[in-house]
Amino acid sequence: MHFTSERRLDDGVLEREFTLGEIPGTLWTPESAAPVPLILMAHNNGLPKSAARLVARARHSAARGYAVASIDAVGCGDRPRSAADEQARAELRRAMQAGEPVDGIFESLIGPLVEKAVPDWRTTLDALLELPGIDGPVGYSGWTALGIRLAAVEPRIAAAGFFAGGYVPRAQREEARQVTVPLLFLLQWDDEGNPRQRALDLFDAFGTEEKTLHANLGGHTGTPWFEVEDGKRFFDRHLK
C-alpha cells in the first residue's frame, strides 16, 4: 500500500489517498492514540469512492473513532470499464429513457461488478489490517450486493449496514441466507428504482438472527441524516 497524499481536515480526521497495485483508495482515520476498528464503505452499484454522500458518511464515522476505507474496485468509480460494461450502461440509459424494464440489464451489469469487486476489497482489507493504528473487528457499510458477497465469504466482517436502494442480482439474493452477522438494513419507502416488496423479501431472506430494518418515507437519495447517527450506534454495539 502506497500513500499518495494526505491532509488533516477541520474535524481532525486524517484523509489519505492510497494505491494498492491498481486499486485506488481513500483512508480516513481519527485522532487516536489507540488502535481503532475498521469500516469498509462502498457506494451502491459501483459509483466512485469520491461520491459526496459516501465521503460525508466516512468523515462522520472517522471523527467518531473509526478508520474508514473506500476503494474504486475493478469496473467501479474511475477504474477502466470493459466494453461489455460500457455496452450494458448504454443499454441501461436507453431503456430507462424509453420507460422499458431494466432488471435484465441490471443483472448483466451488477452481477459481474460484484464478482470483480470482491477480490479487490479483500486484498485491500488484508493491507489495511497490517497498518499501525487499525485493529479489528471490521464492519461494512453501503452497497448491498457487494456487502452480501463479502459478508458471506469474509469471516473478518463482524457487522454490516446495507442500503436497500441498489439493484441486488439473483445470485446475491440467494447468498443473503449465508449472511449471519448483525445487520442494519436501510430502506427508502418510496424509492422509485427499488420495488418495496423486493427489498422486504431480501430482508426476510438474510440468515442472521440479529437484523434490523429502518424504513423512511422518501425517494432514492432521501435517507435522513439521523440514520448516520443510528448507524454509528449500531457499529458501536458490534465493533467496540
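- By the 4.5 Å heavy-atom criterion applied to side chains, L27 and I134 are counted as neighbours.
- R122 has no carboxylate O lying under 4.0 Å from a charged side-chain N of D126, or vice versa, which leaves the two without a salt bridge.
- Atom CE of M41 is separated from atom CH2 of W143 by 15.5 Å, given to the nearest 0.5 angstrom.
- With sequence neighbours left out, the ring pair (Phe, Tyr, Trp, His ring centres under 6.0 Å) criterion links F18 to no other residue.
- Salt bridge absent: R64 and D11 never bring a charged side-chain N and a carboxylate O closer than 4.0 Å.
- For the pair F163/S141, a side-chain contact is recorded, criterion being any heavy-atom separation below 4.5 Å from C-beta on.
- Looking at heavy atoms from C-beta onward, E107 lies in side-chain contact with Y167 at the 4.5 angstrom threshold.
- Remark: K211 is not positioned above the aromatic ring of F185, lacking an NZ or CZ atom under 6.0 angstrom from the ring centre and at most 45 degrees off the axis.
- You'll find the side chain of R196 reaches within 4.5 Å of the side chain of D190, heavy atoms only.
- No side-chain heavy atom of L40 sits less than 4.5 Å from a side-chain heavy atom of E154.
- Contact check for L239 versus I39: side-chain heavy atoms found under the 4.5 Å cut-off.
- Contact annotation: the side chain of L128 approaches that of M1 to within less than 4.5 Å [non-hydrogen atoms, C-beta and beyond].
- Here T26 contributes atom OG1 and E6 contributes atom CD; the two are 13.0 Å apart, rounded to the nearest 0.5 Å.
- Side chains of E115 and R149 form a contact here, defined as non-hydrogen atoms less than 4.5 Å apart.
- Using bins of under 30°, 30° to 60° and over 60° for the plane-to-plane angle, the ring pair W121/Y140 lands in the perpendicular bin.
- With respect to the salt-bridge test (charged N to carboxylate O, under 4.0 angstrom), the residues R94 and E91 qualify.
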